[in-house]
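By convention in this document, chain letters (A, B, ...) are assigned in the order of the sequence lines, proteins followed by strands, and residues within each chain are numbered from 1.
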Amino acid sequence: MYPLKTAFSSLGRNAMMTLASIVTIACCLFLLGVFLLITFNINYIGSQVSEKCELQAYINEWTSDLGEERILKEISALPNVDTAEFESKEQAFENARAMGEEMDEALEGMEGEDIFRSSVKVTLKDLTLADETAAQMAAVSGVAKVNNRRDIIRKVISVTNVIRIGSLIAMLILVLTAIFIIRNTIELSVHAREEEIHIMKFVGATDSFIRRPFVMEGIIVGLIGAAIAITVIAFGYSALALHAESLRDVKIYSFSETAAPLIVGVLAFGLLMGGVGSRAAVKRHLKV
Amino acid sequence: MIEFRDVTVIYDNDIVGLENVSFKIDDGEFVFLVGKTGAGKSSAIKLMTGEIKPFAGDVILNGVTVNTLKPKKLPYLRRSVGVVFQDFRLLNNKTVYENVAFAMEVVRASKKEIRRKVPTILSLVGLTGRAQNYPGELSGGEQQRVCIARALVNSPAIVIADEPTGNLDVETADEIMKLLMEINRMGTTIVMVTHSEKIVNDAHRRVIQLESGVVVRDEAEGGYSCVPS
Ligand SMILES: Nc1ncnc2c1ncn2[C@@H]1O[C@H](COP(=O)(O)OP(=O)(O)OP(=O)(O)O)[C@@H](O)[C@H]1O
Ligand SMILES: [Mg+2]
């Protein structure tokens, strides 16, 4: 129990500094948790948005009902096609009117006129292969034109990538900051016990034995910070997720869906920062 | 056994600490290291504890070559070498008993062993009555006894002392010398650095004299300085 006892008494000795660093670490881990949640959700939202970015194959006007069925089948059978749905021109007309008041007024009384075409709406398994799939769909006989929303698809991919990479960089900076803070906190304890370390070295204590109470200290700071961060995030995110339920177009994960990876992630980061930071703090003092 | 084989120490600033130093110290010997300031005495001591590494040559302790020892193994070597410091280096927030016990705790001795061994060592150095005192409440001589007790408590084969009486008056230094001689009689090899002519001349033990990093004299039962021939 020597390491644990020493760790706690050491933390108590620098109570103010310990408190300050726990709060700072909690802030770092809070932000880290926020970026973790952004990363989780961005994939989810991305997949929702790309569902809306479907390909649409317009069918030649003179095609028979039977021909339309064949086209649907052939398109469904393409390898990258996830779902394929037939939309008749009447449905297209109704959908367009339902899109908004202006559209509704503009189309007033035009039922039965050939403004819209029948089409097959397709969602993809892999968005990055959108161009190839569009070409394959265009090659199906009876397809007049494929509306490839390549620009939007590209944008979705690049935006989610930017957010993902941005989050990753932010998390990296946060981790390094937290390690630095823990290192400085533990360095105070190391400093207070420099003589002791020196004597331990001379009587033949191993480095890992000398390091242990300090690493324990760092881990305690890291874990307490993590616990605080998780609590704050849990309340904040639950409220946000509840609020987001009222949104029509985008959904985010509910708290219960993200709780497990979030808690494990933040605790793991707290542990890691505490361990690495305190090891760094002792390192220089072990060279005797 | 301690053996130096053609040992040369060069510090970062190109200062030569020791140059081609060779000697052998057998188990149970009592050896004085003497020489002027800057002669290289502390450098020799630091080589034995693995604090510094030679530029060339080998330092061998109890059959182990210290300079090629893996850093991970060094702690185990240090358990067989007790170190006594000129400035005692006691922990002021621990009692005499705790200071000595600390040396055992950190090499993971059992509680039972600690309870058995510490009082024995304290009685050997004549501090039984002061076990519960703090270093601040002790005289210099008593503090040095604590330091010696701490060096001895893990039963090292060798005790190394760099000017252990440097901070003590003549009488107290004599008492410490008596104690070190007693420990030597019980079988521990002792290497001691000193500037005290009286101590060396009274002891009639082996003397190794260094000048500018070179051994200039190695004499059994020698005096502090060369006897004019
Ligand atoms: N860490 C160091 N860096 C550079 N030079 C050093 C270092 N330690 C010792 N020296 C030099 O090496 C030489 C030998 O020093 P050493 O400490 O071994 O002498 P010493 O015999 O113990 O002297 P003293 O009697 O004053 O303690 C000296 O010239 C000293 O200046
Ligand atoms: Mg010296």
Side-chain angles (χ1 to χ4, degrees), chain A residues 1-18 183 185-220 274-288, chain B residues 45-46 48-53 61 64 66 69-85 87-94 98-111 114 121 135 146-162:
Chain A
M1 275 300 88
Y2 162 81
L4 203 61
K5 219 172 64 191
T6 317
F8 273 112
S9 79
S10 222
L11 287 172
R13 185 163 36 209
N14 304 319
M16 279 318 287
M17 183 63 189
T18 304
R183 195 192 73 111
T185 311
I186 304 306
E187 186 125 54
L188 282 186
S189 306
V190 175
H191 210 71
R193 294 179 51 219
E194 217 160 12
E195 266 189 305
E196 231 169 291
I197 293 174
H198 196 252
I199 291 164
M200 285 196 261
K201 287 290 289 188
F202 269 101
V203 298
T206 57
D207 285 357
S208 63
F209 181 89
I210 297 172
R211 204 185 288 128
R212 203 160 305 145
F214 297 109
V215 172
M216 212 84 89
E217 256 186 87
I219 288 176
I220 291 168
V276 173
S278 46
R279 278 182 80 99
V282 198
K283 195 172 180 200
R284 204 156 45 81
H285 300 261
L286 288 179
K287 282 185 194 146
V288 180
Chain B
I45 295 287
K46 285 177 183 161
M48 297 181 205
T49 57
E51 242 181 297
I52 57 171
K53 281 193 189 307
L61 254 72
V64 180
V66 184
L69 201 62
K70 288 204 183 79
K72 267 200 147 59
K73 295 268 175 66
L74 190 59
Y76 302 98
L77 179 88
R78 282 181 172 168
R79 291 175 196 189
S80 64
V81 182
V83 184
V84 177
F85 304 97
D87 54 357
F88 321 137
R89 304 212 191 151
L90 301 174
L91 298 170
N92 288 318
N93 58 347
K94 288 187 192 297
E98 288 164 350
N99 264 285
V100 178
F102 181 70
M104 293 187 79
E105 280 165 19
V106 302
V107 298
R108 300 163 178 259
S110 70
K111 282 224 168 68
I114 293 172
I121 295 290
V146 181
C147 185
I148 292 170
R150 184 180 60 195
L152 285 177
V153 79
N154 288 320
S155 314
I158 300 167
V159 166
I160 289 167
D162 195 346

Which atoms of A/Lys287 are under 4.5 Å from chain B, going by heavy atoms: the side chain, the backbone, both sets, or neither?
neither

Worked check of side-chain contact (heavy atoms from CB on, under 4.5 Å) between B/Tyr76 and A/Thr206:
CA-CA 8 Å; B/Tyr76 302 98; A/Thr206 57; 3.3 Å; yes

Which heavy atom of B/Val107 sits nearest to which heavy atom of A/Val203, and what is that distance?
CG1-O, 3.4 Å

Between A/Arg212 and chain B, which part of the residue has a heavy atom less than 4.5 Å away: side chain, backbone, both or neither?
side chain

Does NZ in B/Lys53 sit with more than 12 non-hydrogen atoms of other residues, nucleotides or ligands closer than 6.0 Å?
yes

Give a yes or no on whether A/Arg279 atom CZ has more than 12 heavy-atom contacts from other residues, nucleotides or ligands under 6.0 Å away.
no

From B/Arg78 CZ over to A/Met200 CE, what is the distance, rounded to the nearest 0.5 angstrom?
13.0 Å

Quick one: pull up CD in A/Glu196 and CG in B/Asn93 and give me the separation to the nearest 0.5 Å.
6.5 Å

Listed by residue number, which members of residues 146-159 of chain B have a heavy atom under 4.5 Å from any heavy atom of chain A?
B/Arg150, B/Asn154

Kindly give the heavy-atom pair with the smallest separation between A/Ala205 and B/Pro75, and that separation in Å.
O-CB, 3.7 Å

Under 4.5 Å from any heavy atom of chain A - which part of B/Leu90
backbone

Plane angle bin for A/His198 and B/Phe85 - parallel if under 30°, tilted between 30 and 60°, otherwise perpendicular
tilted

I need the minimum non-hydrogen distance between B/Val83 and A/Phe202, along with the two atoms involved.
CG2-CD2, 3.8 Å

